[in-house]
Amino acid sequence: MGISKSFQLTLLLTFGMMFFLIYHTENKEVQHQGQIARANFKAAIADYKGWDRSGEELYQQLSEQYTFQFFQYVHELDTEKNFTRGTLKRPDDDFAGKLFNIELGHIEKLNSGRLQVRLSTSSVISPSFADLEQAATLMVLSYIILMLSFALLIRLHMSRIKYAAEYINSIPNLSFQAVELSRFSGVLRPIGLALDNCRSQLKSSLSKVHAENEKLTKAAYQDPTTGFSTRRSFNRFLDKLQQSKDKRVGVLAITKSVDLANINEIQGRAAGDDYLAKIATCMKRAASNVSQNEAFRISSGDFAIYFESLTLKEGQKYLDNLQHQLNEYGQSANIDSVAHTGMVPYEQGTDSTKLVALADAAVSIAQTLGANRHHQLEQFTGEEQQGADHWKNTIETLIDSRNIEFYQQPIQPCNTDKAIYRELMSRFHNQDGEHLPTSTVIAMAERHSSSVELDKMIIMHALKMLGDNPNLTGMYGINISASTALQDQFIFWLKDSLSRQKDVASRLIFEINESGMQSNLTASHKFVNEVHKVGAKVAIERFGLGFTSFKFFREVRPDFIKLDSSYSNDIEQDNNNKFFVRMIVDIAKRLDIRVIATGVERQDEKLMLEKLLVDGLQGFYISQPEKMKQLAKTL
């Protein structure tokens, strides 16, 4: 039942009860007055006890004091004296008499007759009926006034509720207009305050959401390490550039870092981030006075910068400035080579894919020229093939002239004083003695099918170095590619070479990437067996990134496994890494395989790995790489 109907029913019942109480009071008064009237009439008729005259005369005398509804006098002996007036039946229009239902009748025995009367009730009922009628009128008027007031109040409430409903419906539109609190007075004020509070909180929450979205958008389109835009922004920029109908010219320069992977592995990820940030700073400084530009970090160690309305000749200023900045940073950080840059021109309608490919080719040429060098390539001149040709010639020269030197990083033993081995890290130079990026040299050697010859050169150089320096004691690890190690021709050559220098061969550990070994377990098993026959050992590096299986342990049986550095990162907090390392350690110990943790950068990581019973630790926290020449002098 609605509020309106409930209120009407309550009001009706209330007024009904009030009317009933008034009626009950007036009825009691009427009955009381009737008793008085009957008593008075009875006392008055007592004076007529000896009446013997006619009834009409008696009526005339009594009528002076009383009003009769019915009067009858019956003489016992003389019927002539009989007199009757009125009727006992109440008139139909006597509403008051019916309402109060009172009869003032009386029968009295006189001298020679009998008197029967019924007094008129109007004198008794009229005052009470008038009071009751007045009360009823007031009640009806009050009821009407209250109902009209209630209807107006309900109408007012309905308009406020309608406003509240419309305001709530407008919230999804995020209009957030101010709440008219004047519409919510009295009992509705809490609703108005709640709506206003909801508006404020929702607006505040949406502001936070927008701020967070802006932050996420900024994070998605801006690299936090360098402050440059991301690869995603670069792709959008190229699409926008290609779709533009305005005539635009400019130059695109791509800068590739040299040793990000080595710095991350040797010095730690924090040092790698600092290295990239420093390159970005060098680029910003070099471009500050050149032209309007947009800079991007397009991969882990690669950057791109686009100069609007600039020619290749004008872009040379930026390249010279950048080389100067990179040289200064390299000297202060003791880095042989920091980055290389290639620059190409852009004209309206140039395909963005070809533009980037051409810039990559320019970088490839710059990498063959020496430390922090740069190179420009014109489009559509056939020079784009020069990058590949430069590298092919550079690698051939490098192998023939053995332009290589070694750095070494020791592995610290755990829970024992017995030394493990030192890892040899190759560094390459061109024919002018300029430093070449190691990762690029290896990648280009594989591209030009020279990886086997490069690995042979590395091994022969290591054998010669250890043979010529008897003060270099202990065991040394050499990195070779998996594609080389799994070739029968290479295995035969390696076995033959090591057989001639068994005293040195027994001190060598060949480090091979796990993912390459997983590709062919049979060939991997053969390589390990043949190496073991000549006294050398095998270590599987970056272990845990590929599909590691128990079958790999059982069939390949390497001497060492070097866990990928990602397992050392925050291992004291990562239960999954703890479980994996502990499981590998348990399995490896059963098979007499030694486990080495790499990428150890903090003391907490070192302590946790020692608790997990690994056999060795390697990383920037343990020891920094140093040149083999320095080690030889020290020893």
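Just so it is clear, the structure is predicted and the values come from calculations on it, not from any experiment. Residue numbers start at 1 and run along the sequence shown.
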>> Please check: side-chain N/O of Asp302 versus main-chain N/O of Ile298, any donor-acceptor pairing under 3.5 Å?
In response: no

>> Between Asp559 and His532, does the side chain to side chain donor-acceptor pair (under 3.5 Å) criterion hold? Intermediate values first, please.
In response: CA-CA 9 Å; Asp559 302 281; His532 283 168; 2.6 Å; yes

>> Which heavy atom of Phe510 sits nearest to which heavy atom of Ala536, and what is that distance?
In response: CE1-CB, 3.9 Å

> Of the non-hydrogen atoms in Thr341 and Ala366, which two are nearest, and what is the gap between them?
Replying inline: O-CB, 3.5 Å

> Could Lys256 and Asp360 be called an ion pair, given the rule that one side-chain N must be under 4.0 Å from one carboxylate O?
Replying inline: yes

> Mind checking whether Phe492 and Asp488 have side chains closer than 4.5 Å, heavy atoms only?
Replying inline: no

> Is it true that a side-chain atom of Ser233 and a backbone atom of Ser229 form a donor plus acceptor pair closer than 3.5 Å?
Replying inline: no

> Between Thr255 and His340, is a side-chain contact (heavy atoms from CB on, under 4.5 Å) present by the stated rule, with each step listed?
Replying inline: CA-CA 5 Å; Thr255 299; His340 298 93; over 6 Å; no

> When you look at Glu601 and Lys606, which way does the salt bridge (Lys or Arg N to Asp or Glu O under 4.0 Å) test go after all the steps?
Replying inline: CA-CA 8 Å; Glu601 298 180 11; Lys606 174 180 180 292; over 6 Å; no

> Hey, does the side chain of Asp351 reach the backbone of Thr353 with a donor-acceptor pair shorter than 3.5 angstrom?
Replying inline: yes

> Can you check whether Tyr306 and Phe237 have ring centres sitting under 6.0 Å from each other?
Replying inline: yes

> Of the options Leu494, Val531, Ile478, which is the one that meets Leu508 in a side-chain contact (heavy atoms from CB on, under 4.5 Å)?
Replying inline: Ile478

> Any side-chain heavy atom of Pro625 within less than 4.5 Å of one from Met425?
Replying inline: yes

> Going from CD on Gln573 to CE on Met608, what distance comes out if it is rounded to the nearest 0.5 angstrom?
Replying inline: 9.5 Å

> Which heavy atom of Ile254 sits nearest a heavy atom of Ala359, and at what distance?
Replying inline: CD1-CB, 3.5 Å

> With distance as the sole criterion, is a donor-acceptor pair present between the side chains of Ser568 and Ser565 under 3.5 Å?
Replying inline: no

> Could you walk me through whether Trp493 and Ile459 pass the side-chain contact (heavy atoms from CB on, under 4.5 Å) check?
Replying inline: CA-CA 11 Å; Trp493 172 87; Ile459 294 171; 4.1 Å; yes

> Hey, is the main chain of Ile512 close enough, under 3.5 Å, to the side chain of Glu541 for a donor-acceptor pair?
Replying inline: no

>> Just verifying a value: how many Å separate Asp468 CG and Leu463 CG, rounded to the nearest 0.5 Å?
In response: 10.5 Å

> From Ser257 OG over to Ile335 CD1, what is the distance, rounded to the nearest 0.5 angstrom?
Replying inline: 10.5 Å

>> For Ala445 versus Leu454, what's the shortest heavy-atom pair and its separation?
In response: CB-CD2, 3.8 Å

> Cationic tip of Arg602 within the cone over Tyr621's six-membered ring, i.e. under 6.0 Å and within 45° of the normal?
Replying inline: no

> Would you call Ile571 and Leu609 a side-chain contact if the rule is heavy atoms closer than 4.5 Å?
Replying inline: yes

>> Testing the basics here: between Asp223 and Thr230, what is the closest heavy-atom pair and its distance to 0.1 Å?
In response: N-CG2, 3.6 Å

> Is it the case that more than 12 heavy atoms not belonging to Lys589 sit under 6.0 Å from its NZ atom?
Replying inline: yes

>> Less than 4.5 Å apart, side chain to side chain, heavy atoms only: is that true for Gln323 and His374?
In response: yes

> Can you name the residues that form a salt bridge (charged side-chain N to carboxylate O under 4.0 Å, His left out) with Arg500, not counting sequence neighbours?
Replying inline: Asp496

>> Between Glu514 and Arg542, does any side-chain N to carboxylate O distance fall below 4.0 Å?
In response: no

>> Could you check whether any side-chain N or O of Asp574 sits under 3.5 Å from a backbone N or O of Asp570, counting only pairs where one atom can act as donor and the other as acceptor?
In response: no

> With no hydrogens and no angle check, do the side chains of Glu626 and Gln408 hold a donor and an acceptor under 3.5 Å apart?
Replying inline: yes

> Of Leu358, Leu252, Leu355, which meets side-chain contact (heavy atoms from CB on, under 4.5 Å) against Tyr346?
Replying inline: Leu355

>> Counting C-beta onward and ignoring hydrogens, is there a side-chain heavy-atom pair between Ile509 and Tyr476 closer than 4.5 Å?
In response: no

> Can Glu530 and Lys495 be said to form a salt bridge (Lys or Arg N to Asp or Glu O under 4.0 Å), step by step?
Replying inline: CA-CA 7 Å; Glu530 295 299 325; Lys495 185 179 178 181; 2.9 Å; yes

> Is the shortest heavy-atom distance from the side chain of Val452 to the side chain of Gln487 under 4.5 Å?
Replying inline: yes

>> Tell me if the centroids of the rings in Tyr567 and Phe543 come within less than 6.0 Å of each other.
In response: no

> Quick one: do the Tyr421 and Gln618 side chains pair a donor with an acceptor below 3.5 Å?
Replying inline: no

> Looking at side-chain heavy atoms only, is the closest gap between Ile622 and Pro410 below 4.5 Å?
Replying inline: no

>> Pair Phe527, Val556 - check side-chain contact (heavy atoms from CB on, under 4.5 Å), show working.
In response: CA-CA 9 Å; Phe527 172 79; Val556 177; over 6 Å; no

> Roughly how far apart are Lys464 NZ and Leu466 CG, rounded to 0.5 Å?
Replying inline: 11.5 Å

> Given Glu423 and Lys562, is the salt bridge (Lys or Arg N to Asp or Glu O under 4.0 Å) satisfied, shown in steps?
Replying inline: CA-CA 11 Å; Glu423 180 181 353; Lys562 299 180 72 174; 2.9 Å; yes

> If you measure only the distance, is there a donor-acceptor pair under 3.5 Å linking the side chains of Ser481 and Asp455?
Replying inline: yes

>> Quick check against the 3.5 Å criterion: does Thr598 have a side-chain atom that pairs as donor or acceptor with the backbone of Leu563?
In response: yes

> How far apart are the C-alpha atoms of Arg557 and Asp592, what are their side-chain angles, what is the distance that settles it, and do they pass the salt bridge (Lys or Arg N to Asp or Glu O under 4.0 Å) test?
Replying inline: CA-CA 9 Å; Arg557 290 293 183 94; Asp592 197 25; over 6 Å; no

>> So does Ser300 get a backbone contact from the side chain of Arg297, meaning a donor-acceptor N/O pair under 3.5 Å?
In response: yes

> If you measure from CZ on Arg373 to NE2 on His375, what distance do you get to the nearest 0.5 Å?
Replying inline: 10.5 Å

> Do Thr522 and Lys526 have side-chain heavy atoms sitting under 4.5 Å apart?
Replying inline: no

> Do His429 and Glu405 have side-chain atoms, one donor and one acceptor, less than 3.5 Å apart?
Replying inline: yes

>> Between the side chains of Lys278 and Asp274, is the shortest nitrogen-to-carboxylate-oxygen separation below 4.0 Å, so that they form an ion pair?
In response: yes

> How close do Pro413 and Ile420 get, heavy atom to heavy atom, and via which atoms?
Replying inline: CA-CD1, 3.8 Å

> What's the spacing between Met460 CE and Glu453 CD if we round to 0.5 Å?
Replying inline: 11.5 Å

> Distance only, no hydrogens: is a donor on one side chain within 3.5 Å (strictly under) of an acceptor on the other, for Gln316 and Asp320?
Replying inline: yes

> Checking side-chain contact (heavy atoms from CB on, under 4.5 Å) for the pair Val356/Phe234: CA distance, chi angles, key distance, verdict?
Replying inline: CA-CA 11 Å; Val356 175; Phe234 182 63; 4.2 Å; yes

